[in-house]
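I have placed the structure first, in the form of structure tokens, so that the comments after it can refer back to it.
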There are 2 protein chains.
Amino acid sequence: MVEHSELPRDVRLLHSFFRIHRNLARLARRTAVKNGLSFPQFVVLMMIAPRKKMTQKMIGERTFIPKSTLSQAVDGLVKAGYLLRRPVEGNRRESELALSKEGEAFFGELLRQEGSVASFFAKACQALSDRQYRLLLEAHQVIAEALEQEQGDKSRC
Amino acid sequence: MVEHSELPRDVRLLHSFFRIHRNLARLARRTAVKNGLSFPQFVVLMMIAPRKKMTQKMIGERTFIPKSTLSQAVDGLVKAGYLLRRPVEGNRRESELALSKEGEAFFGELLRQEGSVASFFAKACQALSDRQYRLLLEAHQVIAEALEQEQGDKSRC
DNA sequence: GAATCATTGTTCATTTTCGAACCGTTTTAT
DNA sequence: ATAAAACGGTTCGAAAATGAACAATGATTC
């Protein structure tokens with residue numbers, strides 16, 4: 001194992017997230033494929049599920065999925081009957097996407113499957129104390145905001 | 001904005017990581033492409049940089065990059081002169097990969113560029129207190145271990 | 001109100017990634 | 001010692017993801 005403590009703080013933070021990142025990607029992809037979804041499709045459902053409806057534009061802004069990819073992913077989900085697509089009222093340019101009954105059932109079931117990403121996070125969750133959990137979410141919030149700003153920072157920390 | 005606090009703890013944790021995940025993927029990909037690397041190639045360098053040398057097998061185990069993808073990524077890096085490849089001593093099956101002088105310089109420079117993933121994490125880093133930073137790494141360690149075990153958990157938390 | 005510009009989403013050609021079959025090497029079993 | 005199985009890595013065809021050009025709509029300016 002590499003001696004991470006020798007690395008600068010920022011690089012170490014990057015590595016820490018990278019490790020989770022790779023695991024998340026691996027587990028999410030596995031869950032998606034097992035259920036006949038592409039990875040972007042999984043991301044779209046993940047994003048829309050708690051809100052029930054969103055515009056395609058909004059999904060693009062939040063997920064950073066390139067719009068050509070997004071367009072195709074959404075198209076597949078609509079054809080599969082998991083999403084309902086219609087133009088936004090009073091704006092024929094944007095599309096509004098809503099989770100269908102079938103989509104809701106499908107995705108709920110998918111997350112509940114043994115071996116799904118969610119099941120692993122359930123386990124991870126149990127390994128954290130309440131306090132750890134709360135502080136983790138707070139820290140993530142701060143970090144996400146930093147990553148979503150326009151410019152990075154050259155100075156080390 | 002969705003009312004995340006209504007979601008179960010595990011799903012909320014998943015969403016929290018997902019947000020960082022998408023940002024990390026976006027920024028890392030941007031940094032990679034800007035420097036003529038594919039995403040897996042970036043991951044390989046990221047992994048090998050602090051250790052200087054690793055076997056290809058080891059990289060595969062830690063990154064979860066499919067071996068066909070990994071093989072091609074490594075091949076490109078070798079051809080570009082960033083990695084040195086030779087069979088492991090006493091085992092003609094595995095290959096040992098080492099960062100070349102050029103590779104080290106290249107990757108170091110890449111991380112230092114304005115707008116690189118690392119620069120964004122430097123900024124994020126500054127937004128955290130020492131205590132937050134320490135607790136974050138601890139929590140990540142616990143979570144990564146849970147994700148890397150064989151089986152997930154069906155029960156909620 | 002016509003012309004120009006910006007925005008949202010789609011299409012399509014290209015590039016990237018992946019899984020399956022495969023090859024050579026090492027290990028295990030008999 | 002030989003056969004069989006396991007392993008690490010590569011190759012190659014198929015599938016997925018991407019960027020660039022485009023079409024349709026909406027906003028802005030003169």
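Protein chains get the first letters and strands the later ones, always in sequence-line order, with residue 1 at the start of each.
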Margin query: Nearest 0.5 angstrom please: B:Glu104 CD to B:Lys101 NZ, how far?
Written below: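 Between B:Glu104 CD and B:Lys101 NZ, I get 5.0 Å after rounding to 0.5 Å.
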Checklist line | Point-to-point distance, once rounded to the nearest 0.5 Å, from NZ of A:Lys67 to CD of A:Gln72 | finding: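 Those atoms lie 13.5 Å apart.
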[X] [atom1] - [N] [atom2] separation (whole Å):
X       : N      : atom1 : atom2 : answer
A:Gln56 : C:dT7  : CD    : P     : 17 Å
B:Glu94 : C:dT27 : CD    : C1'   : 13 Å
A:Ile59 : C:dT8  : CD1   : P     : 14 Å
A:Lys79 : C:dT10 : NZ    : P     : 10 Å
A:Met54 : C:dT8  : CE    : P     : 14 Å
B:Glu96 : D:dG9  : CD    : C1'   : 15 Å
A:Glu89 : D:dG26 : CD    : P     : 13 Å

Next item on the list: Note the angle between the end axes of the helix from C:dG1-D:dC30 to C:dT30-D:dA1, five pairs defining each, rounded to 10 degrees.
Entry: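 Inter-axis angle at the ends, rounded: 30°.
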Margin query: Determine whether B:Leu77 and B:Leu97 satisfy the following criterion, side-chain contact (heavy atoms from CB on, under 4.5 Å), listing intermediate values before the conclusion.
Written below: CA-CA 10 Å; B:Leu77 291 172; B:Leu97 303 171; over 6 Å; no
Between the protein and nucleotides 16-20 of chain D, which nitrogen or oxygen pairs come in under 3.5 angstrom?
residue : atom : partner : partner atom : Å
D:dT18  : OP2  : A:Thr69 : OG1          : 3.1
D:dG19  : N7   : A:Ser68 : OG           : 2.8
D:dG19  : O6   : A:Ser68 : OG           : 3.0

Checklist line | Sole residue of A:Phe39, A:Phe42, A:Phe120 in side-chain contact (heavy atoms from CB on, under 4.5 Å) with A:Thr31 | finding: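 Testing each of A:Phe39, A:Phe42, A:Phe120 against A:Thr31, the sole residue satisfying side-chain contact (heavy atoms from CB on, under 4.5 Å) is A:Phe42.
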Checklist line | Sugar-phosphate only, base, or nothing, as touched by B:Thr55 at under 4.0 Å among non-hydrogen atoms | finding: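 Nothing, no heavy atom under 4.0 Å.
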Check: Contact class for B:Asn91 (heavy atom, under 4.0 Å): base, sugar-phosphate, or nothing?
Finding: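 Contact class for B:Asn91: sugar-phosphate only.
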Next item on the list: Compute both the distance and the angle, then confirm whether B:Arg22 meets the cation-pi test with A:Phe64: under 6.0 Å from the six-membered ring centre, within 45 degrees of the axis.
Entry: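 So B:Arg22 doesn't make the cation-pi contact.
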Notebook entry, point to check: Under the 6.0 Å and 45° cation-pi test, does B:Arg9 pair with A:Tyr133?
Noted result: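 B:Arg9 over A:Tyr133 ring: yes.
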Checklist line | Atom NZ of B:Lys53 with >12 non-hydrogen neighbours under 6.0 angstrom | finding: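 No, the 6.0 Å shell around NZ holds no more than 12 heavy atoms from other groups.
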Compare side-chain N and O positions of [X] against OP1 and OP2 of [N] and report whether any pair is under 4.0 Å apart.
X       : N      : value
B:Arg93 : D:dC7  : no
A:Arg85 : C:dT10 : yes
A:Arg92 : D:dA24 : no

Next item on the list: For B:Arg85 and B:Gln56, test the side chains for any donor-to-acceptor distance below 3.5 angstrom and give the result as yes or no.
Entry: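 No donor-acceptor contact under 3.5 Å links the two side chains.
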Note to self: Could you walk me through whether B:Phe106 and B:Asn35 satisfy the side-chain contact (heavy atoms from CB on, under 4.5 Å) test, starting with their C-alpha distance in whole Å, then the side-chain angles of each, then the deciding distance to 0.1 Å, before giving a yes or no?
What the structure shows: CA-CA 9 Å; B:Phe106 168 73; B:Asn35 291 275; 3.9 Å; yes
